[in-house]
Amino acid sequence: VEWGMKARENADRLVVVGGDGTLNAVCEGIFPVGSSSKVPPPPLAIAALGTANLLASELRLPQSISHLTKLVKNGQTQMMDVGEITLNDEGKEPIPSQCLLVWDFGLGGAVMKRMSEVRSGPIRKSQYIRLVHQVLRSWDPAPQRVIANGKYLGTFEYGIVTGIRTYAHPVLRFPPCHYDDNLWELYLFRKVKTRLIPQLALAAATG
């Protein structure tokens, strides 16, 4: 956070080298929850070297060094909403955190939890595919209570909170959304049967 605030106050622009997770980590430093700083953040450019590179793919950002250099120097700025999510675990202090791009609970959360347990460095898309199959065999949904903008929406086994169209893989797309309208989209499923997951993925892939 200390580094992020210094960058926010002193940097002309920042280049993030990595994937969506790296970008999110940088933004956590630049947009710390509860910060009262009035200094606008510097523009961010992405050298997409991550696993999925969802945002870079969605915005069709350049991959070559020469095109990336031109983007950093003269590129158009796209404003992005940053969301805030508070996790409430019974008997514990609420945990507020900022969220960039997409956040989920249920199956997606179980896959990411399992990945964090086995990950030891850079990862490949093929590793995710194996983990999804492993998690599907043992996943036991834990319904979560969802409150959005102070309104209780109900209890759901699977939920996706997103500010972009792409989810998990560039081929999986939600309907069009606006990046800077101060609104995030919620996709909530009260009950999820694992045999329906491939059908949901196919629906997302075919629009």
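In this chain, numbering begins with 1 at the start of the sequence shown. This is a predicted model, so every value here is computed, not measured.
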Is any side-chain heavy atom of L100 closer than 4.5 Å to one of L55? no
Applying side chain to side chain contact (heavy atoms under 4.5 Å, CB included) to V135 and L107, what does each step give before you reach the verdict? CA-CA 8 Å; V135 171; L107 179 62; 3.8 Å; yes
Could you walk me through whether T155 and R145 pass side-chain hydrogen bond (donor to acceptor under 3.5 Å, both in side chains), step by step? CA-CA 4 Å; T155 301; R145 299 174 70 247; 5.2 Å; no
Between S116 and K113 (side chain of the first, backbone of the second, donor and acceptor by atom type, cut-off under 3.5 Å), is there such a pair? yes
Can you tell me how far the CD atom of E28 sits from the CG atom of L23, to the nearest 0.5 Å? 10.5 Å
For E117, does the CD atom have more than 12 heavy-atom neighbours from other residues, nucleotides or ligands under 6.0 Å away? yes
Working to the nearest 0.5 Å, report the span between OH of Y187 and CG of D104. 13.5 Å
Let me see the working for L59 and I46 under side chain to side chain contact (heavy atoms under 4.5 Å, CB included), right down to the final yes or no. CA-CA 11 Å; L59 296 181; I46 309 170; 5.8 Å; no
Steps toward side chain to side chain contact (heavy atoms under 4.5 Å, CB included) verdict (W103, S97): CA-CA 11 Å; W103 185 92; S97 62; 5.5 Å; no
With side chains defined as the heavy atoms from C-beta onward, is the minimum distance between L54 and P170 less than 4.5 Å? yes
Between the CD atom in E157 and the CZ atom in F105, the distance rounded to the nearest 0.5 Å is 9.5 Å
Under 3.5 Å donor-acceptor, Q98 side chain and V82 backbone: no
Take Q78 and Y179 through the side chain to side chain contact (heavy atoms under 4.5 Å, CB included) test and state the conclusion after the steps. CA-CA 8 Å; Q78 169 64 59; Y179 302 121; 3.7 Å; yes
With a 4.5 Å limit on heavy-atom distance, are the side chains of L101 and N24 in contact? no
I'd like to know whether CG of N149 has more than 12 heavy-atom contacts from other residues, nucleotides or ligands below 6.0 angstrom. no
Can you tell me how far apart CG (L183) and NE2 (H178) are? Round to the nearest 0.5 Å. 9.0 Å
